[in-house]
Each structure stands twice: as structure tokens, then as C-alpha cells.
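This report refers to the structure that appears directly beneath it.
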Amino acid sequence: MSQFEHLKEEDSGDHEEMKDSNESDGGSINNNNNNIRRKVEQFWKFYSHLVRPGDLTGHSDFHLFKEGIKPMWEDEANKNGGKWIIRLRKGLASRFWENIILAMLGEQFMVGEEICGVVVSIRFQEDILSIWNKTANDQVTTSRIRDTLRRVLNLPPNTIMEYKTHNDSLKCVSFDSIHRFLHHLIVRIGQY
């Protein structure tokens, strides 16, 4: 039994009594907690059937983005944003992926609608975890996301984390693409 099934079984179904007590003292907090719990339970129904990132071999990416947001730099929600990048040694991706997803669902980042999504990239030598946000130039928010990542993932203080704006990523990709094209062209010309 997963921890989320356990939470569901603990629900006595006595919602009317809970509603009355909530109205007098902090009902909105309990309602928010119930909403978060429902979101996690709904998500877990699907997530429990997925392959874990650490079980994949080769080159793969998992994306989990909010409804209506595409995992593309050009998407309206992402175009002025950026991402925190953490490079992981092999064997950590599944646990970190799960922890960061649960933190997002549980609204632990406390940055409102700023989080767009999360990506885990499985590579041969290392794995890469990144969390995307909407506003790259909001340093308070990006710092809060970084600090929450450190706490949620229980990262050692010396862990290297990189923040990259999507505009910078586009520039790097453009330069890399041009470089690869020129290299390919030079090789092809050399063959003649």
C-alpha cells in the first residue's frame, strides 16, 4: 500500500463535521490541504503505472508541465522564463524526479503560478533535472525555487546548480547548431 492509498483510507467520509469545524477556525487551510491531497491522489493513480526515469537506458527525456503549457522555450508561458539545472550522478534520477513532482503537486515552492514544469533527461554519463519557471528576471522567485529545490531534494550545500534563461538556451542551441552544420559541411567537402 502506498502512502497515498493510506491517506485515502484514513478519510472517514465525515465531511459535514469537518466542514463545520473548518468554517470557524482555518477552514481555507484545511480545504487547500484537501485539494492538494486530491491532486496527489489523482496524479498517483497514473504515476504508479509509469516507468521510472532510472529504469530507462539510453537518451530519454520525461516532461511534466502544467496543463496548457508545452515543454518548449517558445511557449507563451516559458518564453520569458528560465530553468534551474541540476546534474545528477547515475542512480538518483528516479528518487529526485518523484520528490520534485510531489513538491510541485504539494505547492511547496510557494511561488504561485511561477512554476511551468519539470524535465528529467536521462543521458549515458549523467542525468539532468531541470525545473522551468515563467519569469527569469524575478530574482526573489528564482532564489526561492533554488532554495526549495535544495530542501526538497536534500542537496548538499556544495551541489552545483545552474540557472539558465530560455533566451540564453536558444542562443547556445543556435550556436551549437551552426557549429555542427559547419563541421558537417567541412567534412563533406573534404570527402570530395
Side-chain angles (χ1 to χ4, degrees), residues 1-11 29-30 32-71 77-78 81-136 138-164 166 169:
M1 175 184 310
S2 77
Q3 61 187 10
F4 300 103
E5 292 173 49
H6 180 68
L7 285 174
K8 190 173 185 177
E9 287 182 4
E10 286 183 354
D11 185 2
I29 292 172
N30 285 332
N32 189 41
N33 287 341
N34 287 337
N35 288 337
I36 291 171
R37 185 174 72 181
R38 272 192 291 277
K39 281 196 287 186
V40 170
E41 288 173 355
Q42 288 172 347
F43 174 76
W44 203 259
K45 286 179 186 179
F46 297 103
Y47 183 77
S48 63
H49 297 287
L50 296 177
V51 174
R52 300 300 184 264
D55 295 336
L56 297 173
T57 57
H59 183 101
S60 302
D61 292 329
F62 275 18
H63 301 92
L64 179 64
F65 278 70
K66 289 183 178 176
E67 187 173 356
I69 301 177
K70 295 177 185 158
N78 296 323
K83 61 186 172 185
W84 278 107
I85 302 166
I86 306 168
R87 297 183 182 283
L88 308 170
R89 71 174 190 268
K90 298 303 279 182
L92 297 175
S94 293
R95 181 172 54 95
F96 280 23
W97 173 249
E98 192 169 290
N99 287 350
I100 200 169
I101 288 171
L102 292 175
M104 286 172 48
L105 288 171
E107 299 177 8
Q108 292 183 34
F109 287 92
M110 299 188 332
V111 291
E113 295 296 314
E114 186 66 23
I115 303 289
C116 296
V118 63
V119 179
V120 64
S121 301
I122 306 303
R123 300 297 182 260
F124 294 108
Q125 298 296 320
E126 65 183 357
D127 300 324
I128 303 165
L129 185 69
S130 57
I131 187 162
W132 293 32
N133 71 302
K134 290 182 180 182
T135 317
D138 182 348
Q139 291 182 351
V140 171
T141 298
T142 56
S143 294
R144 180 173 284 165
I145 294 168
R146 178 202 59 216
D147 295 344
T148 303
L149 278 171
R150 284 189 186 280
R151 180 180 51 79
V152 165
L153 301 178
N154 196 25
L155 298 174
N158 62 343
T159 301
I160 297 171
M161 298 175 67
E162 174 188 8
Y163 188 80
K164 192 178 236 182
H166 295 317
S169 295

Side-chain heavy atoms of [X] within contact of [Y], under 4.5 Å:
X: K83; Y: V118; value: no
X: I69; Y: W132; value: no
X: F62; Y: L56; value: yes
X: I86; Y: L153; value: yes
X: T141; Y: T135; value: no
X: D61; Y: V120; value: no
X: M104; Y: I131; value: yes

Is a donor on one side and an acceptor on the other found under 3.5 Å between the side chain of N154 and the backbone of R150?
no
Side-chain donor/acceptor of W84 to backbone N/O of T142, under 3.5 Å:
yes
Heavy atoms only: give me the nearest [X]-[Y] pair and the separation to one decimal.
X: H63; Y: V119; value: CD2-CG2, 3.4 Å
X: R123; Y: K90; value: O-NZ, 2.6 Å
X: R52; Y: E98; value: NE-OE1, 3.9 Å
X: S94; Y: G54; value: OG-N, 2.7 Å
X: G82; Y: A136; value: N-CB, 4.1 Å
X: L88; Y: A93; value: CD1-CA, 4.0 Å

If a pair satisfies ring-ring contact (aromatic ring centres under 6.0 Å, His included) and one of its residues is in residues 141-161, list it, with sequence neighbours excluded.
none
If you round to the nearest 0.5 Å, how far is [atom2] of [Y] from [atom1] of [X]?
X: R37; Y: L105; atom1: CZ; atom2: CG; result: 14.5 Å
X: L102; Y: W97; atom1: CG; atom2: CH2; result: 11.0 Å
X: C116; Y: H166; atom1: SG; atom2: NE2; result: 6.5 Å
X: I160; Y: R87; atom1: CD1; atom2: CZ; result: 10.0 Å
X: L149; Y: I85; atom1: CG; atom2: CD1; result: 11.5 Å
X: S143; Y: Y163; atom1: OG; atom2: OH; result: 10.0 Å

Under the ring pair (Phe, Tyr, Trp, His ring centres under 6.0 Å) test, residues paired with F109 that sit two or more places apart
none
Residues in ring pair (Phe, Tyr, Trp, His ring centres under 6.0 Å) contact with F96, at least two apart in sequence or another chain
none
R144 with D138: basic N within carboxylate O range, under 4.0 Å
no
Looking at K70, I'd like to know if its NZ atom is crowded, meaning that more than 12 non-hydrogen atoms belonging to other residues, nucleotides or ligands lie closer than 6.0 Å.
no
Would the number of heavy atoms belonging to other residues, nucleotides or ligands and lying under 6.0 Å from CD of E162 be above 12?
yes
Decide yes or no on side chain to side chain contact (heavy atoms under 4.5 Å, CB included) for E126 and R89, but give the supporting numbers first.
CA-CA 5 Å; E126 65 183 357; R89 71 174 190 268; over 6 Å; no
